[in-house]
Structure formats: structure tokens, C-alpha cells
Amino acid sequence: QLHLAESGGGLVQPGGSLTLSCAASGLTIDGYSFGWFRQAPGKEREGVACIDSDGSRTTYGNTVKGRFSVSRDDAKNTVYLQMNSLKPEDAAVYYCAKGVQYYCLDYMSRGAYENWGRGTQVTVSS
């Protein structure tokens, strides 16, 4: 069974940067796509980024495109989310999950992902 654990969240000022990590255990991440989602209080969980199984395709939500980047290091069994130019509206709990398919879809449906991590809190505040 694949287990995912997010880390790297914390408090950052607007305009700052954070790198989130999604460490996998139980299985290697090779051959799977992975998605990053976030959920703020009172809001639906939304897709942030996805990376396909070989890293050749990435997709991003419109609100983060150009600011966030997703990457993977299969040798380290880890997926990353680099977040730059953070805004207060980026504050949320960030989750990673394994894609049901090996490739990313343009629209990130929660139903297309599984093995959700517990999440890591990102706070953006002055």
C-alpha cells in the first residue's frame, strides 16, 4: 500500500516561497502520476498541480500557474511543489495524492486521485 506524507508547510510572508515535499513509502512512485491539492477553511478542495509518471507533462490550476511548479525525484521517492510569489489566498492545507491514471488530466478531479496524504499547512500572512 502506498503511503504519502506531505511536509514543508509553514508560515511565509506574501511574496515569499516554500517548497513542499510529498514523500512516498510502501511503494515506489515510479509509474504513477501525482497531484497536489489544497483546501482552505470553508472552501472545496481544489487541484493545484499534477505531474505525470515520467515528469514529461505537468498541469496547474489557473490561480497558481506561473508561480508554482511541480517536480519529482523518483530516486528519492518524492514529489515536490515549489511555491513562489505566495499570496494570502494561497493559504490552505496542501495535500498530495497518487493519480489513478499514469498521466495528468487538464481538470483535476478528486475522484481521479487516491492514497491521500494527511496534508501540510501553509500560512501566508504579514
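As a basis for the values below, the full set of heavy atoms in this structure was taken, side chains included, without hydrogen atoms, waters or symmetry mates.
Under the 3.5 Å distance criterion, the side-chain polar atoms of Asp52 are left unmatched by any main-chain donor or acceptor of Ser33. Between the side chain of Ser21 and the backbone N or O of Ala23, no donor-acceptor pair lies under 3.5 Å.
A centroid separation of less than 6.0 Å is found between the aromatic rings of Tyr113 and Phe37.
Taking all atoms of both residues into account, the shortest heavy-atom contact from Gln82 to Leu18 is NE2-O, 3.6 Å.
No continuous path of ILVMFWY side-chain contacts below 4.5 Å connects Met108 to Phe68, so the two sit in separate hydrophobic clusters. Residues Tyr102 and Leu105 fall within the same hydrophobic cluster, defined by Ile, Leu, Val, Met, Phe, Trp and Tyr side chains chained together at heavy-atom separations under 4.5 Å. Hydrophobic clustering places Leu4 together with Val70 (ILVMFWY residues linked when any side-chain heavy atoms are closer than 4.5 Å, directly or through intermediates). No chain of hydrophobic side-chain contacts below 4.5 Å, direct or via other Ile, Leu, Val, Met, Phe, Trp or Tyr residues, connects Tyr80 to Tyr95.
Side-chain contact between Ile29 and Arg72 is present, with at least one heavy-atom pair separated by less than 4.5 Å.
For the pair Arg57 and Tyr103, the cation-pi test (distance below 6.0 Å, angle within 45°) is failed.
Tested against Val64, the residues Met83, Arg38, Lys87 include a single side-chain contact (heavy atoms from CB on, under 4.5 Å) partner, Arg38.
Salt bridge annotation for Asp74-Lys76: absent, with no cationic side-chain nitrogen under 4.0 angstrom from a carboxylate oxygen.
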